[in-house]
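Working notes, beginning with the structure itself.
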Amino acid sequence: LVSSLCSIPLASLPPLEWPMPNHTEHYELHIDVQPKPHHRAHYETEGSRGAVKAPTGGHPVVQLHGYKGKEPLGLQIFIGTADERILKPHAFYQVHRITGKTVTTTSLEKIVNGTKVLEIPLEPKNNMKAIIDCAGILKLRNADIELRKGETDIGRKNTRVRLVFRVHIPQPGGQHISLQAASHPIECSQRSAHELPLVEKQDMDGCSVLGGQQMILTGQNFSSDSRVIFMEKTQDGQQIWEMEATVDKDKSQPNLLFVEVPSYRELSVCHSVKVHFYVINGKRKRSQPQHFTFTPLSVPSIKTEPQ
Amino acid sequence: EDEFELYRHTDIRPPFTYATLIRQAIMTASERQLTLNEIYNWFTSTFAYFRRNAATWKNAVRHNLSLHKCFVRVENVKGAVWTVDEMEFQRRRSQKLTGSPTTMKPVPSSRAV
DNA sequence: TTAGGAAAATTTGTTTCATAG
DNA sequence: CGCTATGAAACAAATTTTCCT
């Protein structure tokens with residue numbers, strides 16, 4: 001029934017740390033429904049904390065577009081990192097197969113290679129769409145992982161992951177086309193999920209170097225002492241600019257922040273500048289850096305700015 | 001770089017102060033910054049001596065990090081990392097050299113206490 | 001099994017005291 | 001004597017893990 005999914009020999013598949021496109025000219029692996037931004041992972045000393053869910057209460061949904069074949073394919077799932085580096089299996093987390101009673105409608109199997117991988121069917125009769133309701137997240141102890149020779153990552157404050165999906169589509173020549181899609185980041189720590197500010201939407205992605213405009217941030221865990229800091233870094237990571245934006249504390253709510261964009265450090269730049277900003281509560285609880293672009297005052301001749 | 005090769009497998013205490021070693025660890029890192037844990041790892045992987053009595057030397061490492069001004073703690077997206085204020089580090093070193101007893105003692109007048 | 005909350009345990013940082021050189 | 005490097009420890013704050021309903 002399910003065993004046929006394993007038709008592709010494991011050894012011939014590309015390593016999990018290999019970068020991979022989410023689409024080719026003919027196919028696309030797409031995440032129709034993203035998982036919730038928070039999912040408390042469980043430790044081996046605890047009972048399961050269930051499957052990752054979608055914001056709506058349902059579950060994440062993944063679909064493969066462009067597949068014309070009649071045979072079902074296997075959709076692989078594993079837990080990946082969510083930092084600025086390229087995606088790789090997360091050393092401190094593993095997927096946990098939820099053996100749901102009536103809840104789990106999908107079948108699955110487990111394989112390893114240092115990291116656990118779930119595989120569920122992607123069937124033509126379901127339009128190659130799969131509902132991911134069988135993937136939970138297990139947290140491994142930092143100390144246990146850090147002592148492994150060869151592991152250089154640090155577990156502390158490294159609690160964000162992404163669900164990673166892969167499909168290997170058989171081709172005429174006997175080879176495969178492999179696609180991979182990673183979900184939005186998922187915060188797995190109880191504490192971080194409860195205290196770290198999270199920016200989910202921003203009013204605008206940029207404005208002129210003069211700033212002064214109001215930007216509305218939508219998100220979670222905003223508080224009265226939330227501050228917003230704009231900053232700029234060079235390629236080698238050296239921070240060269242930092243400026244606190246003023247926040248309208250009166251209007252702000254737990255999930256809404258009204259920010260006045262500060263002016264850029266240099267008003268006479270000729271090209272737009274990409275910077276970042278983040279929300280920070282207290283001394284250490286800061287959100288992930290968000291993107292923002294400052295555009296020059298006078299654009300040489302390209303196009304005219306509205307207003 | 002591999003000037004510590006001798007100590008990597010021989011269990012003898014490296015003849016350097018903690019401050020010197022910590023700086024070495026940090027400056028060896030690609031981005032000139034390390035988390036406390038990474039500094040610990042550098043010690044254990046570089047010196048056989050520090051693969052024993054962890055509680056003791058780890059305490060000393062933390063002690064040195066916060067005691068010396070040349071070690072600066074910097075927060076970033078993830079936890080915090082330690083960096084070296086090279087200017088400050090060199091300052092301590094030069095004081096040790098120029099401050100040699102015989103050269104700058106202004107002839108203290110002998111006096112009973 | 002799944003959820004929430006939070007006590008218990010660890011880590012990471014700061015400081016102070018004492019002592020050998 | 002004054003000063004530096006080490007050790008041992010008390011404490012506080014931040015974070016992780018284990019426990020309990």
Side-chain angles (χ1 to χ4, degrees), chain A residues 36 38-53 57 59 92-93 96-104 133-147 154-160 187-196 281-286, chain B residues 13-23 34-41 49-50 53-75 78-82 89 91-102 104-113:
Chain A
K36 277 200 301 190
H38 297 139
H39 176 82
R40 181 172 165 182
H42 63 270
Y43 286 80
E44 291 163 307
T45 54
E46 299 182 300
S48 167
R49 284 183 182 281
V52 173
K53 301 179 193 61
H59 294 276
F92 302 87
Y93 293 88
H96 174 254
R97 170 180 168 180
I98 303 296
T99 80
K101 35 210 169 184
T102 53
V103 194
T104 301
D133 65 353
C134 59
I137 303 178
L138 172 70
K139 174 68 166 71
L140 302 176
R141 280 198 225 84
N142 289 166
D144 294 341
I145 303 307
E146 287 166 359
L147 63 73
I154 298 301
R156 176 170 263 240
K157 298 261 261 180
N158 183 185
T159 55
R160 286 155 39 93
E187 174 57 67
C188 295
S189 147
Q190 173 193 18
R191 181 154 182 272
S192 296
H194 183 66
E195 304 183 335
L196 291 186
N281 293 346
K283 190 179 177 185
R284 298 189 179 183
K285 298 164 211 161
R286 70 161 74 174
Chain B
R13 185 175 183 120
F16 304 98
T17 66
Y18 279 111
T20 298
L21 292 177
I22 292 172
R23 170 197 177 238
L34 291 176
T35 63
L36 175 63
N37 199 298
E38 289 168 334
I39 292 176
Y40 285 164
N41 289 156
Y49 180 84
F50 291 119
N53 307 310
T56 298
W57 66 261
K58 284 187 176 182
N59 183 318
V61 167
R62 295 197 303 278
H63 172 64
N64 276 267
L65 282 173
S66 44
L67 182 65
H68 301 300
K69 284 184 297 185
C70 59
F71 297 124
V72 185
R73 197 183 153 232
V74 177
E75 299 228 10
K78 293 193 170 178
V81 291
W82 289 92
F89 183 85
R91 172 136 68 83
R92 293 184 334 102
R93 167 171 290 176
S94 62
Q95 282 183 355
K96 189 192 295 182
L97 298 179
T98 61
S100 172
T102 54
M104 74 166 281
K105 214 162 239 171
V107 188
S109 53
S110 57
R111 181 163 48 109
V113 181

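Chain letters run A, B, ... following the sequence lines, proteins first and then strands; every chain starts at 1.
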ask   = Can you check the B/Tyr18 OH to C/dG13 C1' distance for me, whole Å?
value = 17 Å
query = In whole angstroms, how far is the C1' atom of C/dT14 from the CZ atom of B/Arg62?
reply = 11 Å
query = Can you tell me how far C1' of C/dA6 sits from NE2 of A/His42, to the nearest Å?
reply = 19 Å
remark   = The nucleotide from D/dT17, D/dT15, C/dT2 with an atom nearest the side chain of A/Ser48 is C/dT2
request  = State which of C/dT14, C/dA6, C/dT12 makes the closest approach to the side chain of B/Leu36.
outcome  = C/dT12
Spacing between A/Gln190 atom CD and C/dT2 atom P, to the nearest angstrom = 18 Å
key: B/Trp57 and B/Tyr40 aromatic ring geometry - parallel, tilted or perpendicular at 30°/60° bounds   = perpendicular
ask   = Within 45° of the ring axis of B/Phe71 and under 6.0 Å from its six-membered ring centre, is that where the NZ or CZ of B/Arg73 lies?
value = no
inquiry  = Between C/dG5 and A/Arg191, counting only base atoms on the nucleotide and side-chain atoms on the residue, is there a donor-acceptor pair under 3.5 Å?
reply    = no
request  = Check the distance between D/dT17's C1' and A/Leu138's CG and give it to me in whole angstrom.
outcome  = 13 Å
ask   = How many angstroms lie between atom NZ of A/Lys139 and atom CD of A/Glu44, to the nearest 0.5 angstrom?
value = 10.0 Å
task = Could you check how far NZ of A/Lys157 sits from C1' of C/dT10, rounded to whole Å?
result = 16 Å
message = From NZ of A/Lys285 over to C1' of D/dA13, roughly how many Å is that when rounded to an integer?
response = 11 Å
query = The side chain of A/Thr159 lies closest to which of these nucleotides: D/dA9, C/dT2, D/dT16?
reply = D/dT16
task = Would you mind telling me which of C/dG13, D/dT17, C/dA3 lies closest to the side-chain atoms of A/Lys139?
result = D/dT17
request  = Quickly work out the B/Tyr40 OH to C/dG13 C1' distance and round it to whole Å.
outcome  = 9 Å
N/O (side chain, B/Lys58) to phosphate O (OP1/OP2, D/dA9) under 4.0 Å = no
inquiry  = Regarding D/dA5, can its base be found pairing with the side chain of B/Asn64 as donor and acceptor, where the two atoms are less than 3.5 Å apart?
reply    = no
ask   = Nearest to the side chain of A/Arg156, which nucleotide is it out of D/dT18, D/dT6, D/dT16?
value = D/dT16
key: Selection from D/dA8, D/dT16, C/dT12 that lies nearest to any side-chain heavy atom of A/Tyr43   = D/dT16
message = At less than 3.5 Å, do the side-chain atoms of B/His63 and the base atoms of C/dT15 form a donor-acceptor pair?
response = yes
key: Side chain of A/Glu46 - closest among D/dC19, C/dT15, D/dT17   = D/dC19
